[in-house]
Novice: 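Pasting a structure here, questions to come.
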Amino acid sequence: MEKWKKILRDALHDPAELAERFQLSADELRKVGKVFPFRIPRPVLERIGSPGDPLFLQCVPDGRELTASGDLLDDPLGEVRFGKEECIVQKYPDRCLFLVSGECAMYCRFCTRKRKFRAPFRVGKKQIDEGLAYIRAHKELRDVLISGGDPFLLDDDRIEYILKGVRAAEHIRIIRIGTRTPAMLPERITVRLVRMLKKYHPLYVNVHFNHPAELTGPAIKALNRLAEAGIPLGSQTVLLKGVNDDPEVMRELMWKLLEARVKPYYIFQCDLIYGTEHFRTPLSKGIEIVKALRGWSSGMANPHFVIDLPRGGGKVPLVPDYLVKAEGRFRTYCNYCGEEYLYPDLDDTPGKD
Ligand SMILES: *Cc1c(COP(=O)(O)O)cnc(C)c1O
Ligand code: SF4
């Protein structure tokens with residue numbers, strides 16, 4: 001058995017054991033775990049310092065997950081409405097999501113797709129073939145984003161079947177895979193997996209890291225292995241109260257990602273998913289973080305801060321407003337340190353050219 005499979009097999013999912021380790025209520029863990037399962041690989045468990053630390057908050061079920069709030073939804077992104085086949089979500093003209101796996105190495109308590117995991121979400125060969133047929137039939141698609149769950153929880157052969165199937169559609173120019181394994185199960189990034197992946201270039205991998213402490217030695221090694229196969233790496237981070245809602249933490253995370261050859265791509269406002277109220281931050285927090293990054297850190301360390309709009313509106317970037325004053329064709333902007341500068345625009349009044 002490959003090492004990563006052993007780690008998964010031995011992962012912690014027993015409420016009694018988790019309760020004992022952190023002096024929690026086993027009953028509560030059991031109740032919450034029924035609604036949204038938990039799974040914590042042992043190497044991740046070993047890195048949790050104490051209850052309430054950033055890793056703990058992300059991995060360990062919390063009674064508040066059972067609390068409804070007026071704003072929160074079951075399917076916040078309208079993926080049911082936009083679901084074409086069972087495992088395809090197409091909201092944009094030229095790209096789609098292809099959800100190929102219902103499993104993750106660790107079930108993040110704030111996950112957008114909780115709804116799917118609640119009714120155990122099984123993706124069989126039949127669903128994959130339907131998804132591949134959709135992709136072949138839709139000539140407007142140029143970019144397929146393979147996600148889940150986590151596609152890297154599938155066997156190499158199944159992943160290769162999917163990649164081969166997508167590549168067989170000649171209109172598909174790039175393939176992207178979204179995975180959290182480099183952070184939560186870096187052992188999954190084997191030499192064999194990477195050797196297979198690189199046959200399907202141009203292939204991009206988007207990883208998910210929320211805290212600088214997630215960039216452990218093994219995680220960096222896994223990222224380097226992917227980079228050395230010529231795979232451009234991007235990252236996604238979810239803005240989470242108590243985990244990374246702090247400009248200093250985010251700055252360090254973005255820098256550590258860059259050092260590991262990952263280009264920070266998105267910071268997401270936490271989606272309005274049922275039972276995640278305790279992770280929510282006001283939009284002003286994200287704006288504050290973006291402001292603290294822009295100018296103060298290399299442009300390479302500046303991801304887009306986006307909301308994925310409820311009901312399938314798609315992603316919109318939120319940017320701080322740097323405009324101070326507009327007078328005729330003159331604009332006054334405030335730079336990253338708060339100093340004002342005048343920019344003479346061209347006059348674009350209609351009729352004048
Ligand atoms: C996020 C997302 C994509 C990819 O969006 P990019 O901005 O191109 O990274 C595609 N389809 C859906 C449904 C998405 O949610
Ligand atoms: S890795 Fe992604 S899909 Fe899996 S539980 Fe975490 S957020 Fe959800």
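Indexing begins at 1, ligand by ligand and atom by atom, following the structure's order.
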Novice: Can you find a pair of side-chain heavy atoms, one from Leu193 and one from Arg188, that are under 4.5 Å apart?
Specialist: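 They are in side-chain contact.
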Novice: Step by step, work out the side chain to side chain contact (heavy atoms under 4.5 Å, CB included) result for Ile146 and Leu163.
Specialist: CA-CA 9 Å; Ile146 300 173; Leu163 289 173; 3.9 Å; yes
Novice: Considering residues at least two apart in sequence or located in another chain, which fulfil the side-chain contact (heavy atoms from CB on, under 4.5 Å) criterion with Cys108?
Specialist: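 If we apply the side-chain contact (heavy atoms from CB on, under 4.5 Å) test to Cys108, skipping adjacent residues, the hits are Met106, Phe110, Arg180.
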Novice: Scan residues 320-335 for pairs that pass salt bridge (Lys or Arg N to Asp or Glu O under 4.0 Å), counting only residues two or more places apart or in two chains.
Specialist: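 Found none.
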Novice: Looking at NE2 of His201 and CG of Leu197, how far apart are the two atoms once the value is rounded to the nearest 0.5 Å?
Specialist: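 Atom-to-atom, His201:NE2 and Leu197:CG are 8.0 Å apart.
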Novice: Enumerate the salt bridge (Lys or Arg N to Asp or Glu O under 4.0 Å) contacts for residues 3-14, please, sequence neighbours excluded, ordered by first and then second residue.
Specialist: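 Qualifying pairs, neighbours excluded: Lys5-Asp155.
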Novice: Between atom 6 (Fe) of ligand 2 and Cys111, is there an N, O or S atom separated by less than 2.8 Å?
Specialist: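 No, outside the cut-off.
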Novice: Write down, by chain and number, every protein residue that brings a non-hydrogen atom to less than 4.0 Å from an atom of ligand 1.
Specialist: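 Correct list: Val89, Lys91, Tyr92, Arg95, Leu97, Leu145, Arg176, Tyr265, Tyr266, Asp308, Lys315.
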Novice: How are the rings of Tyr134 and His138 set to each other: parallel, tilted or perpendicular (split at 30° and 60°)?
Specialist: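 The arrangement is parallel - the two ring planes meet at less than 30°.
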Novice: From the options Cys104, Cys59, Ser101, select the one whose nearest heavy atom is closest to atom 3 (S) of ligand 2.
Specialist: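 Comparing heavy atoms across Cys104, Cys59, Ser101, the nearest one to atom 3 (S) of ligand 2 lies in Cys104.
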Novice: Atoms of ligand 2 less than 4.0 Å from Arg180 heavy atoms?
Specialist: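 Numbered from 1, ligand 2 contributes 1 (S).
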Novice: Within less than 4.0 angstrom of ligand 2, does His208 place any heavy atom?
Specialist: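 Contact present.
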Novice: Under 3.5 Å, is there a donor-acceptor pair between the side chain of Asn244 and the main chain of Val249?
Specialist: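 Not a single qualifying donor-acceptor pair exists.
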